[in-house]
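We name chains A, B, ... by the order of the sequence lines, and we start the count at 1 in each one.
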2 protein chains.
Amino acid sequence: MAFEAHLSQALLLKKVVDAMKDLCKEVNFDCSETGMQVQAMDSSHVALVSLLLRESAFSEFKCERPVSLGMNVESLSKVLKMCSPSDTLKLRCNGGADTVNFQCEGSDDRIADFDLKLMNIESEHMEIPEQHYKVVAKLPSSEFQRICKDLREFGETMQVKASKEGITFSVQGDVGAGNVLLKPREADKPEDKVTLTVHEPVTVTFALRYLVNFAKAAPLCGSVELGLSPDAPLLAKYDLDNADNGHMQFYLAPKIDE
Amino acid sequence: MAFEAHLSQALLLKKVVDAMKDLCKEVNFDCSETGMQVQAMDSSHVALVSLLLRESAFSEFKCERPVSLGMNVESLSKVLKMCSPSDTLKLRCNGGADTVNFQCEGSDDRIADFDLKLMNIESEHMEIPEQHYKVVAKLPSSEFQRICKDLREFGETMQVKASKEGITFSVQGDVGAGNVLLKPREADKPEDKVTLTVHEPVTVTFALRYLVNFAKAAPLCGSVELGLSPDAPLLAKYDLDNADNGHMQFYLAPKIDE
DNA sequence: TCCCTGTTGA
DNA sequence: TCAACAGGGA
């Protein structure tokens, strides 16, 4: 068995795939002994998804040699719908096989399994340079999702403006202009905090539709970290429950003002 | 008044009609002094719906002489949407009338009523011979529905394979192949049990779209009974809450292997 | 493709 | 009782 990985809760993979499926049609799951990784551009090559599931995220993980499992995300999502959130999920793939097997087992005596056909997906493996962002903002992921959805109603482009005073999300639309300002704040629960690390104030604009998609990753993590620099891609980072187990990151190129 | 029937809960009829409406466009409700009955083929003549509501299912039931009430199921469904689930529902039909009257009354003082036009529907009344099935499987109706829906995503044809070890539902599709295995199991609640009565192992295939429709009857009963024989129609039987009050049965001709 | 409604689970 | 997910319709 060239590759075998067990998740104690199928929920993790369900969330991750849900967050991915509106952006990418087909992706490679690159498996190595350290874990699983996905890097994929969206179809219009404006956004990039980067997923890292470390070996520690799995209850069992064995990968004899690196292998790239290319899957259709929509199909994968359907396969995972067969699993209840708390089912155990086993992924298996033999050396030369052209399918990957998903087996999910609930607490009752139900065993569902699926052989998903693998695809050859050409992927330019990108090295994403570690960025130093002028602003790093951390805010509740649900709040970020809410803001993106609300502003989406009024326009396609969002301006993000961050300084020590706070972070402002703005949209100009046909029917008017809207802003949401979040000031830094303390809170009992860490995920309810809003924190800003500002080396230099930043103003930059993005296409809202991608941000709306990114924000769907909210169930992964209570808070989201936004990295912002002028004229550089935005980073939206969602840690897994335990940050050591990995994370899901989204990058989005800014809109250049006309 | 040639025919009058009262239901203490409109919910029963709502459920029954919902389960029927994706299969049949128009049906005859055959009323006699023993109760109401529907037998109808789906439009492609592959599936058959058989509903029996015994006189005991009604809080009051009077049928002076047998009468066949032909209704458009979609319209009937709309009429029943006027009723809240717990409303009392009174059906009335005069001798020569060309409408049937539905009156539903809630606990508040709301009374809604509707005269639904009757239609003349020719129906070949079929005698369904009592079958002796090689396998009778009883399983939670919600689980059956879940399986049909999940597998439907991957293909149009489902193979059902039952033996003493369990019952397996399988589908082969373009993106892969899936199986769900249910083993016999005990449970506290009777409807959560999975039981198999096997005289002879059976493998038989069906068009999933009909099974998905059948499975919509799940709200009628916590468990469903599947009757299977090689090369014979499948039976899916849903008892009413009290089995003495009647049942809803679906039959589906198998797909013949090419 | 997006929106809305209904259903199910927490 | 409230929130999230899924399915159907426009």
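At whole-Å resolution of the value, NZ in B/Lys149 and P in D/dC5 are 15 Å apart. When the P atom of C/dT8 is taken as reference, atom NZ of A/Lys14 falls 16 Å away, rounded to whole Å. Atom NZ in A/Lys25 sits about 11 Å away from atom P in C/dT1, given to the nearest Å. Between the NZ atom of B/Lys216 and the P atom of D/dG8 there is a distance of 6 Å, given to the nearest Å. Atoms NZ (A/Lys21) and P (D/dA6) sit 7 Å apart, rounded to a whole Å. Taking atom NZ of B/Lys15 as the reference point, atom P of C/dT7 lies 12 Å away to the nearest angstrom. To the nearest angstrom, P of C/dG9 lies 12 Å from CD of B/Glu143. Nucleotide C/dT5 holds its P atom 17 Å from the NZ atom of B/Lys78, rounded to whole Å.
In terms of position on DNA chain C, the residue among B/Gln145 and A/Glu153 whose nearest nucleotide sits closer to the 5' end is A/Glu153. Of the two residues contacting DNA chain C, namely A/Arg152 and A/Pro85, the nearest-nucleotide position lying further toward the 5' end is that of A/Arg152.
Ring geometry for A/Phe114 versus B/Phe154: interplanar angle of 30 to 60°, hence tilted.
Although no hydrogens or angles enter the test, the distance criterion places no donor-acceptor pair under 3.5 Å between the side chain of B/Lys21 and the main chain of B/Leu76.
A distance of 7.5 Å separates CG of B/Leu151 from OG of B/Ser170, quoted to the nearest 0.5 Å.
Among all heavy-atom pairs drawn from B/Met248 and B/Val16, the shortest one is CE-O, 3.5 Å.
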